Peer 1: 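Dropping a structure here in C-alpha cells format, bear with me for questions.
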Amino acid sequence: MAARKRASSMSISNKQDPVEPNSAPPEQKMTRKTVSASGEEFRLAPPKLGVIFVISTLLCSLDLYLLCFHYKVDNELKRSILINAGLSLVGFFVTLKMIPVAARYVLRRNMFGFDINKRGTPQGDIKVPESLGIVVGIVFLIVAIIFQYFNFTEDSNWLVEYNAALASICFMILLGFVDDVLDVPWRVKLVLPSFATLPLLMAYAGHTTIVIPKPLVAYIGLEVLDLGRIYKLYMGLLAVFCTNSINIHAGLNGLEIGQTVVIAAAILIHNVMQIGASVDPEYHQAHAFSIFLTQPLMATSLAMLAYNWYPSSVFVGDTYTVFAGMTMAVVGILGHFSETLLIFFLPQVLNFLLSLPQLAGIVKCPRHRLPKYDPATGLLTGTKDGTLVNVYLRLFGPKSEKSLCIHLLVFQALACAFCFILRHFLAGWYK
C-alpha cells in the first residue's frame with residue numbers, strides 16, 4: 001500500500017500520482033523538498049530503549065530457556081548458535097548507532113516523509129527520514145557474512161546454500177531501495193522477489209519432496225511425493241508472498257518491524273524445539289541454518305524498532321519490508337518448515353485476502369488505504385478499504401495509533417501461539 005507522493009527537488013508537484021496500493025510503509029508520504037544540506041537543524045529523537053528491553057525480554061526469554069536449559073542440544077551446535085547470538089547483539093548496537101548517521105544522509109538527499117496518521121497536528125508537519133531499512137539490511141549482511149568464519153569450513157555442504165541465501169537477500173535489499181528512490185509501480189513490485197530468489201533456486205540442492213498427510217495416504221497411495229521443478233516454483237511463490245505480505249500489512253508506527261520481530265521470535269522457538277526433539281544431524285543443521293539468519297534479523301530489527309516505535313522518528317521504507325519478508329521466506333525454505341511459516345503469517349494471509357479485491361482492481365483502490373485520523377480526539381477510525389487495520393477498527397471501534405499497533409501485534413503473537421498448539425495436537429496424526 002503506497003503512501004508516497006513525489007515531486008521535483010525544489011517543489012511539490014500538484015499532479016496526482018497513480019494508485020499504488022502495494023508499497024510500505026503507508027503511514028507516510030514522501031516528498032521532494034529542499035532540505036538543509038548541512039543537516040544542522042535535524043535532531044533525531046532518542047531511541048525508545050525501554051520499550052525494546054520489554055519486547056526483547058518477552059520474546060527472547062523462552063527461546064534462551066529452551067536452548068540452554070530445557071533441551072539437550074549438542075555442545076558444538078549450541079556454541080555456534082551462541083556465537084551467532086553474540087554477533088547479532090553487536091549488530092544491534094551498530095544498527096542503533098548508525099541510524100542517526102544514515103538519517104542525516106537521507107535528509108540531505110531529500111528523502112523524507114510526513115506521517116499521514118498525524119495530519120493536522122504538529123507531529124504531522126515534521127520531516128521524517130525515509131528508507132532507513134537500508135541500515136538494517138547492510139548490518140544484517142555484515143553480521144551474517146562474518147559468522148561464516150566461525151561456523152562454516154570450505155567444504156561445508158551448507159556453505160553454498162548459505163551464500164545463495166545471502167545473495168537473494170542482498171538482491172532484495174537492492175530492489176527495495178531502488179523502489180524507495182524510483183517509486184516502482186506496485187504491479188512490477190509483485191514480481192521483483194521472483195528475480196531475487198534466482199540465486200537461491202539455482203543453488204538449492206535439497207529435497208523436492210513433500211510428505212503426504214496421513215489421512216490422505218489411503219486415497220493418493222503415496223507417503224512421499226516428489227514434486228521436482230514444481231517444488232522450486234512453490235519456493236519462488238512463497239518468497240513473493242512473504243515479501244509482499246509484510247509490505248502491505250503496514251500503515252502504523254512500529255507495525256512493519258513489530259510483526260517481523262514477533263514472527264522471528266516464533267521461528268527461533270520453533271527451530272530450537274525441532275532441534276531438541278530430533279536426533280537427525282541433517283535435521284539439526286537445517287533448523288540451525290534458520291537460526292543463523294533469524295537471530296541477526298531480529299537483533300537489527302529491534303534496533304530499528306527503537307526509532308520506529310510510536311511516535312516514529314524514522315520510516316523504514318520498502319527496503320526493510322521486502323528485506324524482512326525475503327529473509328523469513330529463505331529460512332522457511334531452507335529450514336524445511338514452509339507450512340509452519342505460513343501459519344505464523346496468518347494475519348498477513350488474512351490481510352492479503354481482504355486486500356485482494358482492491359489489489360485485483362475489482363473494487364476501487366484509493367491512493368492511501370489508511371484509517372481516518374481525527375485530530376480532535378487523536379483516534380483512528382476504520383474506512384471501507386480492505387485491510388486488516390481498517391477491518392479491526394470497524395469491528396472494535398476507534399483507537400489511538402499506538403493502541404491499535406499493540407493490538408495487532410498481540411494478534412500476531414496469538415497467531416504464532418495457535419500454530420504451536422495446532423502442531424502439538426496434529427503431531428502423529430497429520431504427518
Side-chain angles (χ1 to χ4, degrees), residues 24-25 27 47-64 66 84-85 88-89 91-96 99 132-133 135-137 139-140 143-144 169 242-243 245-247 249-272 290-310 312-317 319-332 340-341 343-348 351 388 402 404-417 419-420:
E27 73 267 23
K48 305 166 187 69
L49 295 179
V51 175
I52 301 308
F53 176 78
V54 173
I55 294 175
S56 58
T57 301
L58 290 174
L59 296 179
C60 298
S61 55
L62 179 58
D63 172 53
L64 290 174
L66 293 175
N84 183 267
S88 299
L89 185 61
F92 170 84
F93 289 108
V94 171
T95 305
L96 207 62
I99 288 173
L132 268 296
V135 177
V136 178
V139 176
F140 167 88
V143 170
I169 293 169
C242 291
T243 302
S245 64
I246 296 290
N247 207 16
H249 184 39
L252 307 173
N253 291 170
L255 180 58
E256 298 92 333
I257 305 179
Q259 63 185 297
T260 300
V261 168
V262 172
I263 297 172
I267 290 173
L268 289 175
I269 293 171
H270 171 69
N271 290 149
V272 175
S290 172
I291 292 175
F292 296 154
L293 292 180
T294 304
Q295 286 185 153
L297 170 67
M298 188 172 182
T300 53
S301 295
L302 283 169
M304 177 61 78
L305 187 60
Y307 290 98
N308 188 246
W309 188 253
Y310 182 92
S312 179
S313 303
V314 299
F315 290 144
V316 296
T319 308
Y320 176 82
T321 57
V322 297
F323 148 71
M326 177 59 74
T327 304
M328 290 188 284
V330 164
V331 301
T340 300
L341 182 67
I343 303 177
F344 287 156
F345 271 74
L346 190 60
Q348 287 72 24
N351 184 67
L388 185 58
K402 182 178 180 180
L404 177 59
C405 182
I406 292 174
H407 281 221
L408 291 174
L409 294 182
V410 169
F411 178 56
Q412 184 76 61
L414 291 175
C416 294
C419 178
F420 287 113

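Any value given below was found using the heavy atoms of this structure, including those in side chains, with hydrogens, waters and symmetry copies removed. In this chain, numbering begins with 1 at the start of the sequence shown. Please read all numbers here as calculations on a predicted model, not as lab measurements.
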Peer 1: Please report the shortest heavy-atom distance between Phe323 and Thr327, naming the atom on each side.
Peer 2: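 Here Phe323 and Thr327 meet closest at O-OG1, 2.8 Å.
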Peer 1: Which heavy-atom pair separates Thr300 from Val136 by the least distance, and what is that distance?
Peer 2: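 Smallest interatomic distance, heavy atoms only, reads OG1-CG1, 3.4 Å.
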Peer 1: Can you confirm whether Ser301 sits close enough to Phe140 that some side-chain heavy atom of one is under 4.5 Å from a side-chain heavy atom of the other?
Peer 2: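 No. Closest side-chain heavy atoms not under 4.5 Å.
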Peer 1: What orientation do Phe344 and Phe420 show, parallel under 30°, tilted 30 to 60°, or perpendicular over 60°?
Peer 2: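 Aromatic pair Phe344/Phe420 classed tilted.
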Peer 1: Mind listing the side-chain donor-acceptor pairs of residues 257-270 below 3.5 Å, one per line with the distance, residues two or more places apart or on another chain?
Peer 2:
unit_1	atom_1	unit_2	atom_2	d
Gln259	OE1	Gln348	NE2	2.5
Gln259	NE2	His249	O	2.7
Gln259	NE2	Leu255	O	3.3
Thr260	OG1	Glu256	O	3.0

Peer 1: Minimum heavy-atom separation for Ala144 to Leu293, with atom names?
Peer 2: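 Shortest heavy-atom contact: CB-CD2, 4.4 Å.
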Peer 1: Please test Met304 against Val314 for side chain to side chain contact (heavy atoms under 4.5 Å, CB included), starting from the C-alpha separation and ending with a verdict.
Peer 2: CA-CA 9 Å; Met304 177 61 78; Val314 299; 3.8 Å; yes
Peer 1: What distance separates Thr57 OG1 from Ile52 CD1, expressed to the nearest 0.5 Å?
Peer 2: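 Answer for the OG1-CD1 pair, Thr57 versus Ile52, is 10.5 Å.
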Peer 1: A side-chain contact here means heavy atoms from C-beta on lying under 4.5 Å apart; do Met328 and Cys242 qualify?
Peer 2: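 Answer no - side chains too far apart.
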Peer 1: Nearest 0.5 Å please: distance from the SG atom of Cys416 over to the CG atom of Leu341.
Peer 2: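 Reported to 0.5 Å precision, the distance equals 9.5 Å.
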Peer 1: If you take all heavy atoms of Val331 and Ser290, which pair is closest and at what distance?
Peer 2: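 Smallest interatomic distance, heavy atoms only, reads CB-OG, 3.5 Å.
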Peer 1: Hey, could you give me the CG/CZ distance between Asn308 and Phe315, rounded to the nearest 0.5 Å?
Peer 2: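 Atom-to-atom, Asn308:CG and Phe315:CZ are 8.0 Å apart.
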Peer 1: Do the non-hydrogen side-chain atoms of Asn351 and Ser245 ever get within less than 4.5 Å of each other?
Peer 2: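 Sidechains of Ser245 and Asn351: no contact.
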Peer 1: So, taking the atom named NE2 in His407 and the one named CG in Leu252, what distance separates them when rounded to the nearest 0.5 Å?
Peer 2: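 Interatomic distance, His407 NE2 to Leu252 CG, rounded to 0.5 Å: 12.0 Å.
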Peer 1: Return the set of residues passing ring-ring contact (aromatic ring centres under 6.0 Å, His included) with Tyr307 (not counting sequence neighbours), or none when no residue passes.
Peer 2: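 Counting only residues at least two positions away or on another chain, Tyr307 forms no ring-ring contact (aromatic ring centres under 6.0 Å, His included).
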Peer 1: With a 4.5 Å limit on heavy-atom distance, are the side chains of Leu49 and Leu96 in contact?
Peer 2: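 Side-chain contact under 4.5 Å: yes.
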Peer 1: Considering all heavy atoms of both residues, which atom of Lys48 and which atom of Tyr310 are nearest to each other, and what is their separation?
Peer 2: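 For Lys48 versus Tyr310, the nearest heavy atoms are CE-O, 3.5 Å.
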Peer 1: Nearest 0.5 Å, what's the CG-SG distance between Asn253 and Cys405?
Peer 2: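 Asn253 atom CG to Cys405 atom SG measures 7.5 Å (nearest 0.5 Å).
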Peer 1: Roughly how far apart are Leu305 CG and Leu302 CG, rounded to 0.5 Å?
Peer 2: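 So the gap between those two atoms works out to 6.5 Å.
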Peer 1: Report yes or no: does Ser56 contribute a side-chain atom to a donor-acceptor pair with the main-chain N or O of Phe53 at less than 3.5 Å?
Peer 2: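 Here the side-chain-to-backbone pair exists.
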Peer 1: Does the side chain of Thr243 reach to within under 4.5 Å of the side chain of Asn247, using non-hydrogen atoms?
Peer 2: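 When only atoms from C-beta onward are counted, Asn247 and Thr243 do not touch, as no gap falls below 4.5 Å.
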Peer 1: How close do Leu388 and Phe411 get, heavy atom to heavy atom, and via which atoms?
Peer 2: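 Scanning both residues completely, I find the closest heavy atoms to be CD2-CE2, 4.1 Å.
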Peer 1: Please name all residues satisfying side chain to side chain donor-acceptor pair (under 3.5 Å) with Ser88, sequence neighbours left out, ordered by chain then number.
Peer 2: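 If we apply the side chain to side chain donor-acceptor pair (under 3.5 Å) test to Ser88, skipping adjacent residues, there are no hits.
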